[in-house]
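Given the structure is predicted, the values throughout are model-derived calculations rather than measurements. We count residues from 1, following the sequence as given.
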Amino acid sequence: MRKTSNSFSLDSVTSKQNSQKPKDIRGGEKKVMKKGLSLFVASSMVVSMFAGAAYAADKTPGEVLNDLGVIQGNGTDLKEDQSWARQDVVVLLSRLLGEEAEAKATAKGHTFTDVSDAFYDGFITWAVEEGLVEGKGEGKFGFKAEMKNQEFFAVVLRAFGVDTKGDKYAEVPALAIELGLATEATDMAAIPTRGETYATIVTALNTEIPGTGQTLGEKLGLIEVVDLAVGTVAQTGKGEITVNFNKAATDEEKKELTFTVENGLVKYPVTAKYAEDNKSVVLSSTYLPAGTYSVTVGSFDAKQVTVADEAPAKIEIGATSLQKAAGQSLNVKLYNQFGKEIANPSLNVTVYNATKGLQISADVNGKYDLSNDNVAKVDDNVVVTVTHSSGLSDTKTFKVVAGSAATKITLGTIAPLKDKTRITAGDEGLVVPVGLTDQYGTEIKLAETAKVTVAANGTLSTFTISGITFMLSQDNVVSSYAVDKDGVLTIGVKKAATLVVNAVNPTTGATGTTSVKIEDTSVIKNFQINNPGVLVVAGEEVKIPYVAVDQFNGNVAAKDIKFGNGTNEVNVTSNVAFAAGYPKVNGKGELLFKFDTIASDANAYVYAYVNGAQVGQLQLAVKKSATAVKVNGVTSVLTTLTNGAQVDFNKDKVTFLDNYNRTKTVSGLEIVDAGNADGTVELSIVSGDSVSIVSNNGVVTGLLADTTKTGVTKFKAEIKGLANSKFEFDVNVVKVADVKSYEIKSVGTIFGGKINEAVSAAHAKTIQLVGKINSTEVALVQDTAFDFVTTSDTTKVSVNNKTIQGVGEGTATITAYKGSTKLAETTVTVSTVAPVATKVEFGKSEYSVADGGTLTFTANTGTDYKVAVKDQYGVDITVTGFLTSSDAKVASVNGLVVTAEAPGQATLTYITSNNVTGTAVIVVN
């Protein structure tokens, strides 16, 4: 007889335990137990009853939880034979959702006649109003009744937004299994005891919720792993050091982490590659001589690592059989002390037919031809011996088997490609698991076979490899096949089908079969486009919120959305015409609209079609094209100058107001000229002669103070042909003697490590001053404003006239002098952390090119086609980088040259060797 408890013995722990960050992790992860552990117990019931849990071998799950203070029982009895009553689960549910106080305070509104304890009235009323629970019928709630598994799953699913009421209640078991809450073996009619829930509670805090990257405890905010810490650091291969973390590093943490590997004063550049789970990172260097290294990760304490030279440790003859056929590979490998294959080893291989007393030589490809009877016959014994100069050796004896000696064939399940959930038309490299054994039980591998590609309109119904004939149920599905050096068969598929693959050995009669379902290429079936919630103006880009879903109800990635009127493309139409090249998706995955210029406001009716079927629609109020009203300001320019000083002044410094009361930067700024068209923003002098306009071919580039005259010059920026559009501003010229104080412009942190002279020179900084009159900044002539600078510590910062250069880790005071007069000083910080790429930026966010054209990009040179790569000090850095395209069918990449292959859009990504990226869109017209 089960005992039902209506009272709780699960008390909250109200303070964190051990919130200190450990620098080193030993013996497993350290975690922080947070507030509200009774809430966790409620939540852990979501995953209890479903699967076994691992826990301390010398304690029961209940004892483990009792030690943690999660459960208390009565001191000796953990109440493991009690169950949960329906009303108690409602209270737990309110805690799970963080609404216990609100639920408790809810006024009674339920009409259940069997609720005999007023304490639960608020909770039950709240749960009913929220749609989380239902009664048992006939006006009864089921008060004090034990809750069955299916009832509990229904409540939990409702809490997460799944409708399980009414007729949908029958779907609860399937939904619970689909969501991983239950297994096929779960008895939905069973009533779980608390003891049955304790085992999974032990591991629930560490159970990752699928698709979130978080454990249940982290998701609920109840238990957290301490901040990222460095665990073990060790050599794991030639030129490789692996750093292990106490948890998966987040993207933000990865951005902040730097890696330094040094031996004494010598720093070795490394490339960091994170594991798929982000719990470790491999630091690779082209050269790491034997020695003791200091490895520093971010701000963590350095770790000492002993690096040894690569040494041969094992020879392996990988072949499992030798067939009486040509092209027999021995698959010989030499491994180092880390269990990794040594590239291009020098090995002495002897193949001897002991039956014939004949030594067999390899061909030019290192393979052996056993097809001739004079070389080998079936059942001959062939001895293979491999030796290495280190003294390592391996010997293996083979009995030659017929080329088609397999007496047993098994074909395994053909799985989707990595990171995919289904097999779709167009997939290449699908692995067909083939198992072959001969009459002796020896494994036989398929011979290596170069990729065979079927013509676009061709068919393939059978193909034969190593005497095994593979027969296909449809002759227009497989597009290619190949076998790699390890005997792994792969195929490509070109259309949707259910394909049956049969493998037959005609010699022995052995057969094997498998089948695979190939889905159609993902096609958008729903393109939900929404109002952007901002002013939509003709002639201007606007971001449109969208969701694209395919026929499998999966989200379609931005890079896979193709606009156009072709097969599977999204054809977007509108009664208000789009501007050329729109709509489009940019490199950030944002959907952009731009409508052609219109003279009056209009409603745009936008429809999206795929293969003739409407998949989305949107109505937008499009405002007529914006027009300028007046110039309304100048920004980011000093308007007080000393004699002879010059400041940059161009279109980026001038703003205008449009007819929608928006302030924007002008598109151009020119000197007054009769030839300028109406609408041109012109700059002119209204009064004064202390400042002149600097221009280049009529385009304004700066303002220059006279060398002797002082006073105010009034300027006017005006839109030509537009009345009342001018904006006037003053520029004042003062004498140098009028400047009362000076400041040194910030130089930020500078690099002071010892790599080479070129790197040091690139990181040198030129000191500049800013003058001050009261609180007003004054532009100076830098050549004459001061004479030189000094440093307080030449071991940290060196100086040369007005240039400083980092020398060693630390800080130094830099002082600027005019003659013997000290004008200003500042503290400069020097870091010896080696420069690494931290920012990648294309010259433009979008490039257009005609079909068949090319674009040649350059790193840190040029202008429009420049890819700027900068280090953490803001200085250009030369590192290995790779340019990639999201769609090679639209734009292919060879080195840094991009070739337009077909009309469409793709995303270009430049990736540095330390995994810093920058993107730009390329549109092929």
Side-chain angles (χ1 to χ4, degrees), residues 184 316-331 333 367 370-371 378-379 382 396-418 420-425 427-452 454 460-519:
E184 296 285 353
E316 181 180 274
I317 302 172
T320 56
S321 65
L322 289 181
Q323 301 177 36
K324 184 171 172 49
Q328 296 300 292
S329 174
L330 299 176
N331 199 17
K333 296 180 180 180
K367 297 182 180 181
L370 306 184
S371 60
V378 173
D379 290 335
V382 175
K396 200 169 187 178
T397 300
F398 298 89
K399 185 179 287 293
V400 177
V401 297
S404 54
T407 58
K408 181 179 180 181
I409 302 175
T410 57
L411 298 183
T413 301
I414 302 173
L417 299 174
K418 183 180 178 182
K420 295 187 67 174
T421 58
R422 64 183 67 87
I423 295 172
T424 56
D427 285 350
E428 288 285 340
L430 297 166
V431 174
V432 182
V434 179
L436 305 173
T437 53
D438 63 15
Q439 65 269 37
Y440 306 107
T442 302
E443 179 186 1
I444 301 172
K445 290 185 178 180
L446 295 174
E448 183 176 0
T449 305
K451 184 176 182 178
V452 176
V454 182
L460 180 70
S461 57
T462 65
F463 59 91
T464 301
I465 302 173
S466 299
I468 307 298
T469 299
F470 293 88
M471 298 184 294
L472 311 174
S473 61
Q474 299 186 50
D475 64 5
N476 59 347
V477 175
V478 173
S479 58
S480 65
Y481 64 89
V483 179
D484 67 13
K485 64 178 182 179
D486 295 318
V488 177
L489 171 65
T490 57
I491 62 172
V493 293
K494 59 184 177 181
K495 64 172 289 186
T498 297
L499 180 70
V500 179
V501 181
N502 289 299
V504 178
N505 183 347
T507 302
T508 65
T511 63
T513 187
T514 188
S515 62
V516 58
K517 182 174 177 57
I518 304 158
E519 304 283 2

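- Interatomic distance, Thr464 OG1 to Phe470 CZ, rounded to the nearest 0.5 Å: 8.5 Å.
- Within the 3.5 Å criterion, the main-chain N or O of Gln328 finds no donor-acceptor partner in the side chain of Lys367.
- Residues Gly467 and Pro506 share a closest heavy-atom pair of O-CD, 3.5 Å.
- Among Val516, Ile518, Leu489, Ile491, the one residue that satisfies the side-chain contact (heavy atoms from CB on, under 4.5 Å) test with Leu430 is Ile491.
- Of the inter-residue distances, the one linking Glu519 atom CD with Thr424 atom OG1 reads 8.5 Å to the nearest 0.5 angstrom.
- One finds the CZ atom of Arg422 at 12.5 Å from the CG atom of Leu417 (value rounded to the nearest 0.5 Å).
- Residues Val500 and Asn502 form a side-chain contact, since some pair of their non-hydrogen atoms from C-beta on lies under 4.5 Å apart.
- Here the side chain of Thr514 pairs a donor or acceptor atom with the backbone of Gly412 at under 3.5 angstrom.
- Between Ser480 and Glu428, the closest side-chain pair of non-hydrogen atoms falls below 4.5 Å.
- Thr508 contributes a side-chain N or O that, together with a main-chain N or O of Ala406, makes up a donor-acceptor pair within less than 3.5 Å.
- Between Leu411 and Val434 the shortest side-chain heavy-atom distance falls below 4.5 Å.
- A heavy-atom distance below 4.5 Å is not found between the side chains of Thr513 and Thr511.
- Salt bridge status for Lys420 with Asp427: present, with a side-chain N to carboxylate O gap under 4.0 Å.
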Tell me, with the steps shown, if Thr490 and Val432 meet side-chain contact (heavy atoms from CB on, under 4.5 Å). CA-CA 6 Å; Thr490 57; Val432 182; over 6 Å; no

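- At least one side-chain heavy atom of Phe398 sits under 4.5 Å from a side-chain heavy atom of Ile317.
- Shortest non-hydrogen contact noted between Gln474 and Leu499 is N-CD1, 3.8 Å.
- Remark: side-chain polar atoms of Thr449 are not paired, donor with acceptor, to backbone N or O of Ala482 under 3.5 angstrom.
- Smallest separation of non-hydrogen atoms from Val431 and Ile414: O-CG2, 3.6 Å.
- Within the 3.5 Å criterion, the main-chain N or O of Val488 finds no donor-acceptor partner in the side chain of Asp486.
- The two residues Glu443 and Thr437 make their nearest non-hydrogen contact at CA-CG2, 4.1 Å.
- Annotation: the span from Asp484 atom CG to Glu448 atom CD amounts to 7.0 Å, rounded to 0.5 Å.
- Of the possible donor and acceptor atoms, one in the side chain of Lys396 sits under 3.5 Å from a partner among the backbone N and O of Ala319.
- Between the Gln323 side chain and the Lys445 main chain, a donor and an acceptor come within less than 3.5 Å of each other.
- Proximity of a side-chain donor or acceptor of Ser466 to a complementary backbone N or O of Ile468 within less than 3.5 Å is not detected.
- A pairwise comparison of heavy atoms in Asp475 and Ser461 identifies CB-CB, 3.9 Å as the closest pair.
- Between Leu460 and Tyr481 the shortest side-chain heavy-atom distance falls below 4.5 Å.
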